[in-house]
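Working notes, structure below.
For the numbers below, each heavy atom of this structure counts, side chains included, while hydrogens, waters and symmetry mates do not.
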Amino acid sequence: MSVKAKKHLGQHFLTDESIAEKIADSLSLKGYKHVLEIGPGMGVLTKYLLKKDLTTHVIEIDTESVEYLKANYLNLADRVIEQDFLKYDITKVFGEQPFAIIGNYPYNISSQIVFKTLEMRDQIPEFSGMFQKEVAQRICSKEGSKVYGILSVLTQAFYNAEYLFTVPPSVFNPPPKVDSGVLLLTRKENYTLPCDETLFFKVVKQGFQQRRKTLRNSLKTFNLSDNLKANVIFGKRPEQLSVEEFITLTQLIENDTQE
């Protein structure tokens with residue numbers, strides 16, 4: 001029995017064992033005893049996770065894949081969660097314990113998976129896996145790059161992002177139309193920001209919504225004082241600012257609105 005890939009779930013099953021093993025080996029196993037694999041499909045990556053000194057859980061929305069995993073990985077059967085990761089409260093499984101996230105992520109929800117990980121950053125010291133290549137590159141890109149954006153800044157505020165390697169379409173069934181890229185996110189030692197974190201998220205999102213405009217124009221809705229808008233930082237466009245400069249910008253706005 002094998003599972004048929006479903007287009008509406010964005011399923012592309014990895015068929016290359018060596019790449020699956022490389023992805024599993026990207027985890028450092030430091031600071032956690034549990035790993036959650038998102039969208040395991042037929043378990044090509046899962047089998048390598050099960051060999052590690054970790055407790056592996058998998059979360060899968062596809063009923064057919066769930067049945068396959070339970071039938072073929074008996075030692076995993078009671079740790080197969082049949083849920084949608086984006087909607088499920090994963091603390092029901094892990095409580096407050098730390099865990100890593102790994103997967104060959106469905107392309108259509110990969111960015112949302114990262115955003116949910118950021119919300120749970122206190123519990124997730126490490127995150128690894130496969131994305132559409134351009135999304136993986138965007139997450140890891142630095143200021144000044146054309147692809148640098150909301151996802152880059154918000155992720156890199158809390159995690160060190162490393163692009164590991166590129167994977168061609170030919171090692172999937174069915175093959176996707178684009179290359180894939182594997183990345184590793186390692187949470188920073190000090191990942192609390194020296195500014196209001198909710199405001200930081202708002203500033204970054206608002207700034208990039210009109211990325212061709214200067215921040216003076218794109219952040220108009222914050223009702224900033226003329227004095228603050230005269231600051232040289234507001235003459236820049238969002239992709240010119242490093243993560244540290246976005247933190248400084250947030251601090252400036254925070255202090256401006258308090259006066």
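Using bins of under 30°, 30° to 60° and over 60° for the plane-to-plane angle, the ring pair Y105/F131 lands in the tilted bin.
Listed by chain and residue number, Y107, E134, V135, V178 satisfy the side chain to side chain contact (heavy atoms under 4.5 Å, CB included) test with Q132 (two or more places apart in sequence, or in another chain). Partners of T63 under the side chain to side chain contact (heavy atoms under 4.5 Å, CB included) rule, at least two apart in sequence or in another chain, are E67, E82. For R187, the salt bridge (Lys or Arg N to Asp or Glu O under 4.0 Å) criterion is met by no residue, not counting sequence neighbours. Applying the side chain to side chain contact (heavy atoms under 4.5 Å, CB included) criterion to Q97, with sequence neighbours excluded, gives H34. With sequence neighbours left out, K47 forms a salt bridge (Lys or Arg N to Asp or Glu O under 4.0 Å) with E17. By the side chain to side chain contact (heavy atoms under 4.5 Å, CB included) test, S170 is found to be paired with P168, residues two or more places apart in sequence or in another chain being considered. Partners of D78 under the salt bridge (Lys or Arg N to Asp or Glu O under 4.0 Å) rule, at least two apart in sequence or in another chain, do not exist in this structure.
Once rounded to the nearest 0.5 Å, the distance linking CD1 of I38 with CZ of F127 reads 6.0 Å. For the atom pair OG1 of T117 and CD1 of I101, the computed distance is 4.0 Å after rounding to the nearest 0.5 Å. Distance check, rounded to the nearest 0.5 Å: CZ of F165 to CG of L183 gives 10.0 Å. In this structure, OG on S242 lies 8.0 Å from CD1 on I247, to the nearest 0.5 angstrom. The CG atom of N104 sits 7.0 Å away from atom OG of S180, with the distance rounded to the nearest 0.5 Å. Separating the CZ atom in F172 from the CE atom in M130 is a distance of 3.5 Å, to the nearest 0.5 Å.
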- Evaluate side-chain contact (heavy atoms from CB on, under 4.5 Å) for T15 paired with V44, printing each intermediate quantity in order. CA-CA 7 Å; T15 56; V44 63; over 6 Å; no
- Message: Go through it in stages, so that I can follow the logic: the residues are L36 and F85, the test is side-chain contact (heavy atoms from CB on, under 4.5 Å), and I'd like the CA-CA distance, side-chain angles, deciding distance and then a yes or no.
- Response: CA-CA 10 Å; L36 177 70; F85 172 73; 3.9 Å; yes
- Apply the test side-chain contact (heavy atoms from CB on, under 4.5 Å) to residues F201 and L199: give CA-CA distance (whole Å), side-chain angles for both, the deciding distance (0.1 Å), then the verdict. CA-CA 5 Å; F201 274 74; L199 182 61; over 6 Å; no
- Take L219 and I253, measure what side-chain contact (heavy atoms from CB on, under 4.5 Å) needs, and give me the verdict at the end. CA-CA 10 Å; L219 299 179; I253 292 171; 4.1 Å; yes
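With hydrophobic clusters built from ILVMFWY side chains whose heavy atoms lie under 4.5 angstrom apart, V171 does not share a cluster with Y48.
Taking each heavy atom of A24 and L45 in turn, the nearest pair found is N-CD1, 3.6 Å. Closest heavy-atom contact between E254 and D196: OE1-N, 3.2 Å. The shortest non-hydrogen separation linking D16 to I19 is OD1-N, 3.1 Å. When all heavy atoms are compared, the tightest approach of Y88 to I81 is CE2-CG2, 3.9 Å. Across all non-hydrogen atoms, the minimal contact from P238 to G207 is CG-O, 3.3 Å. Listed here is the closest heavy atom pair of F222 and Q206: CE1-CG, 3.8 Å.
The environment of NZ in K33 is sparse: at most 12 heavy-atom neighbours from other residues, nucleotides or ligands sit within 6.0 Å. Counting heavy atoms of neighbouring residues, nucleotides and ligands inside a 6.0 Å radius, atom NZ of K229 exceeds 12 of them.
Using a 4.5 Å cut-off on side-chain heavy atoms (C-beta onward), I124 and P98 make no contact. In this structure the side chain of Q210 never reaches within 4.5 angstrom of the side chain of N217, judged on heavy atoms. Within the 4.5 Å cutoff, side-chain heavy atoms of Q251 are placed close to those of P194. With a 4.5 Å cut-off on side-chain heavy atoms, I90 and V93 count as touching. Within the 4.5 Å cutoff, side-chain heavy atoms of L164 are placed close to those of S26. In this structure, L118 and F115 have side chains that are in contact, with non-hydrogen atoms separated by less than 4.5 Å.
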Name every donor-acceptor pair, under 3.5 Å, that has one atom in a side chain of residues 50-58 and the other anywhere in the protein, sequence neighbours excluded.
{"from": "K52", "atom 1": "NZ", "to": "D25", "atom 2": "OD1", "distance (Å)": "2.8"}

Going by atom type alone, with no hydrogens or angles, which donor-acceptor pairs under 3.5 Å involve a side-chain atom of residues 230-237 and a protein atom two or more places apart or on another chain?
{"from": "N231", "atom 1": "OD1", "to": "I233", "atom 2": "N", "distance (Å)": "2.9"}
{"from": "K236", "atom 1": "NZ", "to": "E245", "atom 2": "OE2", "distance (Å)": "3.3"}
{"from": "R237", "atom 1": "NE", "to": "E239", "atom 2": "OE2", "distance (Å)": "3.4"}

Scan the side chains in residues 143-154 for donor-acceptor partners under 3.5 Å anywhere in the protein, sequence neighbours excluded, and list what turns up.
{"from": "S145", "atom 1": "OG", "to": "V147", "atom 2": "N", "distance (Å)": "3.1"}
{"from": "Y148", "atom 1": "OH", "to": "L241", "atom 2": "O", "distance (Å)": "2.7"}
{"from": "S152", "atom 1": "OG", "to": "R138", "atom 2": "O", "distance (Å)": "2.7"}
{"from": "S152", "atom 1": "OG", "to": "G149", "atom 2": "N", "distance (Å)": "2.8"}
{"from": "S152", "atom 1": "OG", "to": "G149", "atom 2": "O", "distance (Å)": "3.4"}

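A distance-only check finds no donor-acceptor pair linking the side chain of E126 to the backbone of L184 [under 3.5 Å]. Side-chain atoms of T248 come within 3.5 Å of backbone N or O of E244 as a donor-acceptor pair. Q112 places no side-chain N or O within 3.5 Å of a backbone atom of L86 that could act as its donor or acceptor partner. A donor-acceptor contact shorter than 3.5 Å links the side chain of H12 to the backbone of P174.
For residues 113-124, every residue pair satisfying the salt bridge (Lys or Arg N to Asp or Glu O under 4.0 Å) rule, not counting sequence neighbours, is listed here: R121-E197. Applying the side chain to side chain donor-acceptor pair (under 3.5 Å) test to every pair with at least one member in residues 156-167, sequence neighbours left out, gives these pairs: K142-Q156, Y163-T166.
Using modelled atom types, one finds a donor on one side chain and an acceptor on the other under 3.5 Å when comparing S225 with D256.
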